[in-house]
Chemist: 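Got a structure for you, questions after.
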Amino acid sequence: MLRSLLLYLSERESPKKLITGNPLGRRLASRFIAGEEIEDALRVIRRLNSEGFLVTLDCLGESVREAAAAEAACQTYLQLLDRLAAEKLNSHVSVKLTQLGLAMDEGLARRNLARLAESAARHHNFVRVDMEGSAFTDATLRVFCSVDAPREVMGIAIQAYLRRTEADVEELLKRGVRIRLVKGAYQEPPDIAYARKREVDRNYQKLTEKLLASGIYHAIATHDEHLIAATESFARAHSISPEGFEFQLLYGIRRQLQRVLIQQGWRVRLYVPYGREWYAYFMRRLAERPANLFFLMRHLFRQ
Ligand SMILES: Cc1cc2nc3c(=O)[nH]c(=O)nc-3n(C[C@H](O)[C@H](O)[C@H](O)COP(=O)(O)OP(=O)(O)OC[C@H]3O[C@@H](n4cnc5c(N)ncnc54)[C@H](O)[C@@H]3O)c2cc1C
């Protein structure tokens, strides 16, 4: 219930003002967010690269409602790709299609994604399309599949909590697509998504095995130690080398686990978000771990 409430609040304006305007809200968010400016993010990437982590950089923002905002987001990503190349940083970019205009005009989102893919190809870099709530699943897959880019340049995130996902994975594998497998971070009804953690985890493990067996380079994105251990065992049992796939984790979450994975010789990419539009992202992180929320509430109402 608490998870549902937090995900509901993540889309509302008044709690947004309360939390983003409060110094403690900002301080707690800074655990998960690299900063509000591009220079903050580049500094964090430099440090993470020097510690052996790969990165994927997300300029926060979603659900834009004006063409000008979609154009601005696209321009920002183009600049990011230029900056990452100029500074020789080891970082992909991750983008939400509603940030590129999907909620207004599918064609606009497609054209913007094609521009990012073209720039990524020129820089030998990679664009990952994040997956959003189920209202956008079909459109996201449609736009992604309609952009003609080599598989080394563009991939997509897929959510294990959706019942449809196994069929989507089959289709994407036929096309040779590089997939980031996540559990899923949005509020979804039980007729389309598994509600119980046990069911989501079972599907996640099944899909992980399908991805690793495909021979395509995929990303296993979770902080769940059981699923990570199961992935490691499967890889070893099937002689899949650490270069054959990567683990992905979110910046600021399970930092000790992140370091252990690197020490064990696995490839680890951290998802690093930055920017002023951090509220919705932050609320999804609170929803994943309510202990974070109790800490925030205690301090917010004490002030
Ligand atoms: C690299 C990356 C990219 C992602 N991209 C997307 C995407 O495109 N679309 C999408 O819907 N979702 C995305 N997600 C989020 C994902 O769907 C889950 O909501 C999130 O990863 C939590 O699930 P989990 O797999 O870590 O497992 P869980 O079972 O939720 O967590 C396992 C353990 O990890 C720790 N943990 C998890 N979350 C937190 C937290 N917020 N704070 C502190 N500890 C925590 C806890 O110890 C918990 O017991 C992404 C996640 C990652 C790692």
Side-chain angles (χ1 to χ4, degrees), residues 2-3 6-7 10 28-34 48 53-58 60-62 91-99 102 126-137 140-141 144 155-162 164-165 168 178-188 192-205 207-208 218-231 245-258 260-261 267-273 278 280-296:
L2 191 53
R3 177 176 181 272
L6 287 165
L7 292 176
S10 73
L28 196 55
S30 70
R31 181 194 168 93
F32 304 116
I33 288 133
L48 293 174
F53 293 104
L54 309 165
V55 171
T56 183
L57 180 60
D58 169 33
L60 290 161
E62 51 201 88
S91 174
H92 296 166
V93 295
S94 286
V95 67
K96 292 183 175 49
L97 290 189
T98 63
Q99 193 177 5
L102 186 66
F126 187 85
V127 179
R128 177 79 61 181
V129 175
D130 287 343
M131 188 55 79
E132 303 180 64
S134 59
F136 295 107
T137 311
T140 301
L141 286 166
F144 174 82
I156 193 163
I158 283 290
Q159 298 155 327
Y161 65 9
L162 291 185
R164 60 178 284 168
T165 289
D168 290 336
R178 293 183 174 192
I179 291 173
R180 171 205 290 151
L181 183 63
V182 301
K183 286 192 188 178
Y186 298 82
Q187 185 61 25
E188 302 294 358
I192 63 165
Y194 299 108
R196 295 206 187 91
K197 176 173 162 53
R198 207 175 341 117
E199 293 173 307
V200 177
D201 290 357
R202 199 182 306 129
N203 201 35
Y204 193 102
Q205 188 168 342
L207 293 170
T208 297
H218 298 293
I220 306 304
T222 181
H223 313 94
D224 188 321
E225 285 185 72
H226 297 294
L227 291 172
I228 289 175
T231 305
F245 69 100
E246 65 189 37
F247 286 113
Q248 292 191 359
L249 297 92
L250 299 176
Y251 175 71
I253 296 182
R254 304 295 312 265
R255 285 182 274 204
Q256 179 59 20
L257 175 61
Q258 296 173 358
V260 168
L261 288 170
R267 291 168 66 94
V268 182
R269 187 175 305 276
L270 299 186
Y271 183 106
V272 174
W278 49 262
Y281 178 89
F282 174 60
M283 292 300 278
R284 289 197 288 274
R285 302 296 77 80
L286 289 187
E288 284 155 4
R289 192 158 185 269
N292 294 339
L293 172 76
F294 294 128
F295 178 79
L296 175 69

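Atoms considered below: every heavy atom in the structure, side chains included; atoms not considered: hydrogens, waters and symmetry mates. When a ligand or atom number is given, it counts from 1 through the structure's own listing order. Position 1 is the first residue of the sequence, and the numbers go up from there.
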Chemist: Who's the nearest protein heavy-atom neighbour of atom 15 (C) of ligand 1, and how far?
Modeler: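 The protein heavy atom lying closest is Arg285 NH2, 3.8 Å.
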Chemist: Taking a cutoff of less than 4.0 Å between a non-hydrogen atom of the residue and any ligand atom, is Lys197 in contact with ligand 1?
Modeler: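 In this structure, Lys197 qualifies as a contact of ligand 1 - some heavy atom is under 4.0 Å.
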Chemist: Any idea which protein heavy atom is nearest atom 18 (C) of ligand 1, and the distance to it?
Modeler: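 Of the protein heavy atoms, Glu288 OE2, 3.5 Å lies nearest.
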Chemist: N/O of Tyr186 under 3.5 Å from N/O of ligand 1, yes or no?
Modeler: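 Between Tyr186 and ligand 1, no N or O pair is found under 3.5 Å apart.
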Chemist: Report the part of Arg254 (side chain from C-beta onward, or backbone N, CA, C, O) that has a heavy atom under 4.0 Å from ligand 1; answer both or neither where that applies.
Modeler: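 Under 4.0 Å from ligand 1, Arg254 contributes side-chain atoms alone.
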Chemist: Please check atom 30 (O) of ligand 1 for a protein heavy-atom neighbour under 4.0 Å.
Modeler: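 Within 4.0 Å: no protein heavy atom nearby.
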Chemist: Looking only at non-hydrogen atoms, which of Val129, Val182, Leu257 approaches atom 4 (C) of ligand 1 most closely?
Modeler: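 When every heavy atom of Val129, Val182, Leu257 is considered, Val182 comes closest to atom 4 (C) of ligand 1.
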Chemist: Can you tell me the protein heavy atom closest to atom 17 (O) of ligand 1 and the distance?
Modeler: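 For this ligand atom, the closest protein heavy atom is Gly184 N, 2.6 Å.
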Chemist: Is it true that a side-chain atom of His218 and a backbone atom of Leu181 form a donor plus acceptor pair closer than 3.5 Å?
Modeler: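 No; judged by distance alone, with no hydrogens or angles, the pair does not exist.
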Chemist: If you measure every N/O of Tyr161 against every N/O of ligand 1, is any gap under 3.5 Å?
Modeler: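 It does not: no N or O of Tyr161 is found under 3.5 Å from an N or O of ligand 1.
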Chemist: Could you check atom 11 (O) of ligand 1 against the protein and tell me its nearest heavy-atom contact, residue, atom and distance included?
Modeler: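 The answer is Gln159 NE2, 2.9 Å.
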Chemist: Just heavy atoms, cut-off under 4.0 Å: does Arg284 contact ligand 1 by side chain, backbone, both, or neither?
Modeler: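 Neither part.
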Chemist: Is atom 41 (N) of ligand 1 touching the protein, meaning some protein heavy atom lies under 4.0 Å away?
Modeler: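 So far as the 4.0 Å threshold goes, atom 41 (N) of ligand 1 is in reach of a protein heavy atom.
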Chemist: Tell me every residue that passes side-chain contact (heavy atoms from CB on, under 4.5 Å) with Gln187, counting only those two or more places apart in sequence or in another chain.
Modeler: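 Gln187 satisfies side-chain contact (heavy atoms from CB on, under 4.5 Å) with Arg3, Ser4, Leu7 once adjacent residues are dropped.
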Chemist: Is the closest protein non-hydrogen atom to atom 48 (C) of ligand 1 under 4.0 Å?
Modeler: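 For atom 48 (C) of ligand 1 the answer is no, since every protein heavy atom stays at 4.0 Å or beyond.
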Chemist: Nearest protein heavy-atom contact for atom 24 (P) of ligand 1: which residue, which atom, what distance?
Modeler: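 Ranking protein heavy atoms by distance from atom 24 (P) of ligand 1, first comes Thr222 OG1, 3.5 Å.
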Chemist: Would one find an N or O of Ile253, backbone or side chain, under 3.5 Å from an N or O of ligand 1?
Modeler: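 Ile253 vs ligand 1: no N/O contact under 3.5 Å.
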Chemist: Are any of the N or O atoms of Arg180 closer than 3.5 Å to those of ligand 1?
Modeler: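 Yes, since at least one N or O of Arg180 sits under 3.5 Å from an N or O of ligand 1.
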Chemist: Which heavy atom of the protein is the closest neighbour of atom 44 (N) of ligand 1, given with residue, atom name and distance?
Modeler: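 Answer, as residue, atom name and distance: Arg289 CD, 3.1 Å.
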Chemist: What are the two closest heavy atoms between Gln159 and Gly184, and how far apart are they?
Modeler: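 Smallest heavy-atom distance, with atoms named: CG-CA, 3.9 Å.
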Chemist: Polar-atom distance check: Ala185 versus ligand 1, any N or O pair below 3.5 Å?
Modeler: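 The answer is yes, given that Ala185 and ligand 1 share an N or O pair closer than 3.5 Å.
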Chemist: Could Arg285 and Tyr281 be counted as a cation-pi pair, given that NZ or CZ must be under 6.0 Å from the ring centre and within 45° of the axis?
Modeler: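 Yes; both conditions hold, so Arg285 lies above the ring face of Tyr281.
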Chemist: Would you confirm whether any non-hydrogen atom of the protein falls under 4.0 Å from atom 8 (O) of ligand 1?
Modeler: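 It does: a protein heavy atom is found less than 4.0 Å away from atom 8 (O) of ligand 1.
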Chemist: Could you work out, with salt bridge (charged side-chain N to carboxylate O under 4.0 Å, His left out) as the rule, every residue matching Glu62, not counting sequence neighbours?
Modeler: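 By the salt bridge (charged side-chain N to carboxylate O under 4.0 Å, His left out) rule, Glu62 matches Arg284.
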Chemist: Got a donor-acceptor contact below 3.5 angstrom from the Tyr251 side chain to the Leu57 backbone?
Modeler: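 Pair absent, no side-chain N/O of Tyr251 close to backbone of Leu57.
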Chemist: Which heavy atom of the protein is the closest neighbour of atom 2 (C) of ligand 1, given with residue, atom name and distance?
Modeler: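 Result: Leu250 CD2, 3.5 Å.
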Chemist: Between Gln205 (side chain only) and Ala230 (backbone N and O only), is there a donor and an acceptor less than 3.5 Å apart?
Modeler: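 Here the side-chain-to-backbone pair does not exist.
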Chemist: Report the member of Glu225, Lys183, Lys96, His223 with the shortest heavy-atom distance to atom 21 (O) of ligand 1.
Modeler: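 It is His223 whose heavy atom sits nearest to atom 21 (O) of ligand 1.
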Chemist: Restricting to non-hydrogen atoms, name the atom on Arg180 and the atom on Ser94 that form the minimum distance, rounded to 0.1 Å.
Modeler: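 Of all heavy-atom pairs spanning Arg180 and Ser94, the closest is NH2-OG, 2.9 Å.
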